[in-house]
Amino acid sequence: MLGRELHLLLERQGLPVTGTGRELDITDAPALDSYAARQHGLDWIVNCAAYTAVDRAEDDAEACRSLNVEGPGNLARTARNAGAALIHLSTDYVFDGRGAAPYREDDETRPTGVYGLSKRDGERAALAENPDTWIIRSSWLYGSYGNNFVHTMLRLMKERGGVTVVDDQRGSPTWTRDLASAICALITRKAAPPGIYHYAGSGNCTWFDFARAIYGLARERRILAGECAVNPCASGEFPSRVRRPAYSVLDTSKFRKALGLAIPPWRESLAAYLDEYKVQS
(Lines give C-alpha, C1' and ligand atoms only; values in the text may rest on other atoms or scores of the structure.)
Protein backbone atom coordinates (compact mmCIF):
# COMPACT_ATOMS: atom_id res chain seq x y z
CA MET A 1 0.00 0.00 0.00
CA LEU A 2 2.73 2.50 0.93
CA GLY A 3 5.57 1.04 -1.13
CA ARG A 4 3.81 1.45 -4.47
CA GLU A 5 2.63 4.96 -3.58
CA LEU A 6 6.17 5.97 -2.64
CA HIS A 7 7.71 4.39 -5.73
CA LEU A 8 5.36 6.26 -8.07
CA LEU A 9 5.91 9.55 -6.25
CA LEU A 10 9.71 9.24 -6.39
CA GLU A 11 9.48 8.50 -10.12
CA ARG A 12 7.28 11.54 -10.70
CA GLN A 13 9.89 13.66 -8.93
CA GLY A 14 12.54 12.39 -11.35
CA LEU A 15 14.52 10.47 -8.73
CA PRO A 16 16.18 7.17 -9.71
CA VAL A 17 14.37 4.46 -7.74
CA THR A 18 14.07 0.68 -7.81
CA GLY A 19 11.12 -0.99 -6.14
CA THR A 20 11.24 -4.58 -4.96
CA GLY A 21 8.56 -7.00 -3.82
CA ARG A 22 8.48 -10.65 -2.85
CA GLU A 23 11.37 -11.42 -5.19
CA LEU A 24 13.72 -9.95 -2.57
CA ASP A 25 13.48 -11.56 0.88
CA ILE A 26 14.53 -9.10 3.58
CA THR A 27 15.11 -12.00 6.00
CA ASP A 28 17.88 -13.27 3.68
CA ALA A 29 20.92 -11.15 4.59
CA PRO A 30 23.27 -12.49 1.86
CA ALA A 31 20.60 -11.85 -0.80
CA LEU A 32 20.22 -8.27 0.40
CA ASP A 33 23.97 -7.64 0.31
CA SER A 34 24.19 -9.15 -3.17
CA TYR A 35 21.33 -7.02 -4.41
CA ALA A 36 22.75 -3.83 -2.89
CA ALA A 37 26.13 -4.52 -4.49
CA ARG A 38 24.46 -4.40 -7.93
CA GLN A 39 22.87 -1.00 -7.24
CA HIS A 40 25.40 1.68 -8.17
CA GLY A 41 25.36 4.85 -6.07
CA LEU A 42 22.82 3.52 -3.57
CA ASP A 43 21.94 6.37 -1.19
CA TRP A 44 18.76 5.25 0.59
CA ILE A 45 16.87 2.10 1.44
CA VAL A 46 13.23 2.57 2.46
CA ASN A 47 11.59 -0.40 4.16
CA CYS A 48 7.84 -0.49 3.63
CA ALA A 49 7.63 -4.28 4.16
CA ALA A 50 6.06 -5.69 7.32
CA TYR A 51 4.02 -8.49 8.78
CA THR A 52 0.79 -6.62 9.59
CA ALA A 53 -1.82 -9.31 10.39
CA VAL A 54 -2.21 -8.30 14.04
CA ASP A 55 -4.43 -11.17 15.20
CA ARG A 56 -2.76 -13.88 13.13
CA ALA A 57 0.61 -12.87 14.57
CA GLU A 58 -0.39 -14.35 17.93
CA ASP A 59 -0.25 -17.84 16.37
CA ASP A 60 2.47 -17.02 13.85
CA ALA A 61 5.01 -15.28 16.07
CA GLU A 62 8.07 -16.77 14.41
CA ALA A 63 7.15 -15.50 10.93
CA CYS A 64 6.06 -12.14 12.35
CA ARG A 65 9.32 -11.59 14.19
CA SER A 66 11.38 -12.83 11.24
CA LEU A 67 9.90 -10.17 8.99
CA ASN A 68 9.50 -7.36 11.53
CA VAL A 69 12.69 -7.78 13.58
CA GLU A 70 15.24 -9.75 11.60
CA GLY A 71 14.30 -8.02 8.34
CA PRO A 72 14.88 -4.41 9.48
CA GLY A 73 18.13 -5.45 11.17
CA ASN A 74 19.33 -7.01 7.92
CA LEU A 75 18.34 -3.95 5.91
CA ALA A 76 20.10 -1.60 8.31
CA ARG A 77 23.28 -3.69 8.10
CA THR A 78 23.08 -3.81 4.31
CA ALA A 79 22.57 -0.05 4.17
CA ARG A 80 25.55 0.52 6.47
CA ASN A 81 27.79 -1.73 4.37
CA ALA A 82 26.68 0.06 1.20
CA GLY A 83 27.21 3.52 2.70
CA ALA A 84 23.47 4.19 2.48
CA ALA A 85 20.84 5.50 4.89
CA LEU A 86 17.78 3.53 5.98
CA ILE A 87 14.21 4.73 6.44
CA HIS A 88 12.16 2.13 8.31
CA LEU A 89 8.38 2.40 8.77
CA SER A 90 6.91 1.55 12.15
CA THR A 91 3.57 1.86 13.93
CA ASP A 92 1.51 3.28 16.77
CA TYR A 93 1.20 -0.31 18.08
CA VAL A 94 4.55 0.08 19.85
CA PHE A 95 2.48 1.90 22.52
CA ASP A 96 -0.12 0.28 24.77
CA GLY A 97 -2.82 2.84 23.96
CA ARG A 98 -3.56 3.70 27.58
CA GLY A 99 -2.38 7.29 27.22
CA ALA A 100 -4.49 10.43 27.09
CA ALA A 101 -2.12 12.80 25.25
CA PRO A 102 -0.43 12.40 21.86
CA TYR A 103 2.55 10.05 22.11
CA ARG A 104 5.98 11.58 21.69
CA GLU A 105 8.94 9.75 20.20
CA ASP A 106 10.67 9.40 23.58
CA ASP A 107 7.61 8.09 25.44
CA GLU A 108 8.02 4.60 26.85
CA THR A 109 6.93 1.85 24.49
CA ARG A 110 4.70 -0.84 25.97
CA PRO A 111 3.46 -3.06 23.14
CA THR A 112 0.72 -5.46 24.18
CA GLY A 113 0.81 -8.14 21.45
CA VAL A 114 3.21 -10.09 19.25
CA TYR A 115 2.83 -7.64 16.37
CA GLY A 116 3.49 -4.50 18.43
CA LEU A 117 6.41 -6.13 20.23
CA SER A 118 7.95 -7.21 16.91
CA LYS A 119 7.68 -3.69 15.50
CA ARG A 120 9.27 -2.19 18.63
CA ASP A 121 12.10 -4.73 18.49
CA GLY A 122 12.51 -4.09 14.76
CA GLU A 123 13.11 -0.41 15.48
CA ARG A 124 15.79 -1.32 17.99
CA ALA A 125 17.45 -3.80 15.63
CA ALA A 126 17.64 -1.23 12.82
CA LEU A 127 19.04 1.54 15.03
CA ALA A 128 21.59 -0.82 16.56
CA GLU A 129 22.89 -1.93 13.15
CA ASN A 130 23.09 1.47 11.45
CA PRO A 131 23.28 4.89 13.15
CA ASP A 132 22.20 6.45 9.83
CA THR A 133 18.62 5.20 10.31
CA TRP A 134 15.34 7.09 10.36
CA ILE A 135 12.34 5.40 12.00
CA ILE A 136 8.95 6.80 11.00
CA ARG A 137 5.99 5.65 13.09
CA SER A 138 2.59 6.15 11.51
CA SER A 139 -1.00 5.02 12.03
CA TRP A 140 -4.30 4.09 10.39
CA LEU A 141 -2.98 4.02 6.81
CA TYR A 142 -5.25 4.01 3.77
CA GLY A 143 -4.63 4.58 0.07
CA SER A 144 -5.17 3.39 -3.48
CA TYR A 145 -3.21 0.16 -3.22
CA GLY A 146 -3.97 -2.82 -1.01
CA ASN A 147 -6.66 -3.51 1.55
CA ASN A 148 -7.49 -0.81 4.08
CA PHE A 149 -10.32 0.59 6.20
CA VAL A 150 -11.59 3.06 3.60
CA HIS A 151 -11.91 0.40 0.90
CA THR A 152 -13.60 -1.99 3.34
CA MET A 153 -16.11 0.63 4.47
CA LEU A 154 -16.97 1.67 0.91
CA ARG A 155 -17.56 -1.95 -0.06
CA LEU A 156 -19.74 -2.67 2.97
CA MET A 157 -21.67 0.56 2.57
CA LYS A 158 -22.51 -0.44 -1.01
CA GLU A 159 -23.60 -3.93 0.04
CA ARG A 160 -25.48 -3.27 3.27
CA GLY A 161 -28.06 -0.98 4.77
CA GLY A 162 -25.96 -0.46 7.89
CA VAL A 163 -22.47 -0.89 9.33
CA THR A 164 -21.33 -0.98 12.96
CA VAL A 165 -17.96 0.51 13.86
CA VAL A 166 -16.08 0.77 17.16
CA ASP A 167 -16.25 4.17 18.83
CA ASP A 168 -13.76 3.66 21.69
CA GLN A 169 -10.47 3.58 19.77
CA ARG A 170 -8.96 6.93 18.82
CA GLY A 171 -6.19 7.67 16.32
CA SER A 172 -5.23 9.66 13.23
CA PRO A 173 -6.12 8.42 9.72
CA THR A 174 -3.15 8.81 7.37
CA TRP A 175 -3.30 8.91 3.56
CA THR A 176 -0.36 7.04 2.05
CA ARG A 177 0.12 9.91 -0.41
CA ASP A 178 0.79 12.32 2.46
CA LEU A 179 3.19 9.89 4.16
CA ALA A 180 4.99 9.17 0.88
CA SER A 181 5.37 12.92 0.28
CA ALA A 182 6.88 13.30 3.75
CA ILE A 183 9.35 10.48 3.05
CA CYS A 184 10.28 12.15 -0.25
CA ALA A 185 10.92 15.40 1.61
CA LEU A 186 13.18 13.58 4.07
CA ILE A 187 15.13 11.97 1.23
CA THR A 188 15.57 15.12 -0.82
CA ARG A 189 16.31 17.48 2.06
CA LYS A 190 17.93 15.19 4.65
CA ALA A 191 17.36 18.06 7.07
CA ALA A 192 16.25 15.88 9.95
CA PRO A 193 18.93 14.02 11.95
CA PRO A 194 18.65 10.22 12.23
CA GLY A 195 16.33 8.86 14.91
CA ILE A 196 12.66 8.19 15.58
CA TYR A 197 9.90 10.40 14.16
CA HIS A 198 6.10 10.36 14.14
CA TYR A 199 3.97 11.13 11.10
CA ALA A 200 0.18 10.83 10.90
CA GLY A 201 -2.76 12.84 9.64
CA SER A 202 -3.43 16.05 11.53
CA GLY A 203 -6.18 15.79 14.13
CA ASN A 204 -7.76 12.61 15.43
CA CYS A 205 -11.01 10.69 15.56
CA THR A 206 -12.48 7.30 16.44
CA TRP A 207 -13.01 4.55 13.87
CA PHE A 208 -16.73 5.41 14.05
CA ASP A 209 -15.99 9.07 13.29
CA PHE A 210 -13.75 7.96 10.42
CA ALA A 211 -16.50 5.73 9.01
CA ARG A 212 -19.08 8.53 9.23
CA ALA A 213 -16.71 10.85 7.37
CA ILE A 214 -16.13 8.23 4.68
CA TYR A 215 -19.87 7.80 4.24
CA GLY A 216 -20.65 11.53 4.18
CA LEU A 217 -17.86 12.47 1.78
CA ALA A 218 -18.56 9.48 -0.48
CA ARG A 219 -22.25 10.40 -0.65
CA GLU A 220 -21.36 14.00 -1.55
CA ARG A 221 -19.25 12.67 -4.45
CA ARG A 222 -21.89 10.13 -5.48
CA ILE A 223 -19.50 7.27 -4.91
CA LEU A 224 -22.26 5.76 -2.78
CA ALA A 225 -25.72 5.81 -4.29
CA GLY A 226 -27.75 4.16 -1.54
CA GLU A 227 -28.20 5.04 2.11
CA CYS A 228 -26.33 3.20 4.85
CA ALA A 229 -26.65 3.69 8.60
CA VAL A 230 -23.33 4.04 10.43
CA ASN A 231 -23.72 2.84 14.02
CA PRO A 232 -21.25 3.03 16.95
CA CYS A 233 -20.30 0.17 19.24
CA ALA A 234 -17.74 -0.81 21.86
CA SER A 235 -14.60 -2.80 21.03
CA GLY A 236 -15.91 -5.66 23.15
CA GLU A 237 -18.57 -6.33 20.53
CA PHE A 238 -15.80 -7.42 18.14
CA PRO A 239 -13.75 -10.04 20.04
CA SER A 240 -10.08 -10.00 19.10
CA ARG A 241 -6.96 -11.96 19.98
CA VAL A 242 -5.18 -8.67 20.64
CA ARG A 243 -6.31 -5.59 22.56
CA ARG A 244 -6.23 -2.71 20.08
CA PRO A 245 -4.83 0.58 21.41
CA ALA A 246 -7.68 2.68 22.77
CA TYR A 247 -5.63 5.84 22.19
CA SER A 248 -2.93 5.89 19.53
CA VAL A 249 -2.64 9.55 18.58
CA LEU A 250 0.95 10.45 17.67
CA ASP A 251 2.63 13.79 18.38
CA THR A 252 4.09 14.87 15.01
CA SER A 253 5.71 18.14 16.10
CA LYS A 254 9.28 16.80 15.90
CA PHE A 255 8.89 15.80 12.26
CA ARG A 256 7.06 18.99 11.30
CA LYS A 257 9.71 21.19 12.87
CA ALA A 258 12.65 19.24 11.44
CA LEU A 259 11.39 19.43 7.84
CA GLY A 260 9.23 22.54 7.98
CA LEU A 261 6.20 20.54 6.84
CA ALA A 262 2.53 21.22 7.37
CA ILE A 263 0.54 18.00 7.77
CA PRO A 264 -2.96 18.17 6.21
CA PRO A 265 -5.97 17.56 8.45
CA TRP A 266 -7.07 13.94 8.14
CA ARG A 267 -10.55 14.85 6.86
CA GLU A 268 -9.09 17.13 4.18
CA SER A 269 -6.82 14.32 2.97
CA LEU A 270 -9.70 11.85 2.98
CA ALA A 271 -11.72 14.20 0.76
CA ALA A 272 -8.78 14.55 -1.66
CA TYR A 273 -8.34 10.79 -1.71
CA LEU A 274 -12.03 10.18 -2.46
CA ASP A 275 -11.86 12.71 -5.30
CA GLU A 276 -9.13 10.53 -6.85
CA TYR A 277 -10.99 7.35 -5.99
CA LYS A 278 -14.04 8.56 -7.91
CA VAL A 279 -11.96 9.29 -11.01
CA GLN A 280 -10.14 5.95 -10.81
CA SER A 281 -13.40 4.07 -10.34
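Keep in mind that the numbers below use all heavy atoms, side chains included, and drop hydrogens, waters and symmetry copies.
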Please report the interatomic distance [atom1]([X]) to [atom2]([Y]), rounded to the nearest 0.5 Å.
X	Y	atom1	atom2	value
L2	L89	CG	CG	5.0 Å
L156	H151	CG	NE2	13.0 Å
T91	I135	OG1	CD1	12.5 Å
S66	D25	OG	CG	7.0 Å

Under the ring-ring contact (aromatic ring centres under 6.0 Å, His included) test, residues paired with F149 that sit two or more places apart: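 F149: ring-ring contact (aromatic ring centres under 6.0 Å, His included) contacts with W207, F210.
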
Is a donor from one side chain sitting under 3.5 angstrom from an acceptor on the other, for [X] and [Y]?
X	Y	result
D60	Y51	yes
Q169	S235	yes
R177	S181	no
T78	D33	yes
D92	S139	no

Heavy-atom closest pair, residues P264 and S269: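 Scanning both residues, the minimum pair turns out to be CB-OG, 3.4 Å.
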
Shortest non-hydrogen separation from P111 to R120 and the atoms involved: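 So the minimum-distance heavy-atom pair works out to CD-NH1, 3.9 Å.
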
Heavy-atom check, side chain of [X] versus side chain of [Y], under 4.5 Å:
X	Y	answer
H88	W134	no
L86	R77	no
N74	E129	no
S240	D55	yes
T206	V166	no
L75	L32	yes
I87	I136	yes
N47	P72	yes

Has the side chain of [X] got a donor or acceptor atom that lies under 3.5 Å from a matching backbone atom of [Y]?
X	Y	value
S172	G203	yes
D251	P102	no
E58	V114	yes
R219	A225	yes
T174	G201	yes
R222	A218	no
H198	K254	no
S281	Y277	yes
D121	S118	no
N130	T133	no

Enclosure of D275 CG (heavy-atom neighbours >12, cutoff 6.0 Å):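 For D275, atom CG is crowded (more than 12 foreign heavy atoms under 6.0 Å).
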
Residues, nucleotides or ligands: over 12 heavy atoms within 6.0 Å of E62 CD: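 Counting other residues, nucleotides and ligands, CD of E62 stays at 12 neighbours or fewer.
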
In terms of side-chain geometry, is the basic nitrogen of [X] or [Y] positioned less than 4.0 Å from the acidic oxygen of its partner?
X	Y	result
R110	E108	yes
D209	R212	yes
D96	R243	no
R65	E70	no
R137	E105	no

L141/N148 under side-chain contact (heavy atoms from CB on, under 4.5 Å): CA gap, chis, key distance, verdict: CA-CA 7 Å; L141 292 186; N148 59 78; over 6 Å; no

Ring centers of W140, W175 separated by less than 6.0 Å: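 No: the rings miss the under 6.0 Å criterion.
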
Would a hydrophobic clustering, with Ile, Leu, Val, Met, Phe, Trp and Tyr connected at side-chain separations under 4.5 Å, put [X] with [Y]?
X	Y	result
V69	Y115	no
L179	L274	no
Y142	L154	yes
M1	I183	yes
L261	V249	no

Using atom types as modelled, flag every donor-acceptor pair under 3.5 Å from a side chain in residues 8-23 to any protein atom, sequence neighbours excluded.
unit_1 : atom_1 : unit_2 : atom_2 : d
E23    : OE1    : G21    : N      : 2.9
E23    : OE2    : G21    : N      : 3.1

Derivation and outcome, side-chain contact (heavy atoms from CB on, under 4.5 Å), residues D107 and F95: CA-CA 9 Å; D107 284 337; F95 300 110; 4.0 Å; yes

K119 NZ/CZ over Y93 ring centroid, <6.0 Å and within 45° of normal: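 No, cation not above the ring by the 6.0 Å, 45° rule.
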
All pairs passing salt bridge (Lys or Arg N to Asp or Glu O under 4.0 Å) where residues 260-271 contributes a residue, at least two apart: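 Matches after skipping sequence neighbours: none remain.
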
Stepwise side-chain contact (heavy atoms from CB on, under 4.5 Å) check, R4 with T176: CA-CA 10 Å; R4 185 179 297 185; T176 52; over 6 Å; no

I196 vs E123, side-chain contact (heavy atoms from CB on, under 4.5 Å): CA-CA, chis, key distance, verdict: CA-CA 9 Å; I196 299 175; E123 294 180 1; 4.1 Å; yes

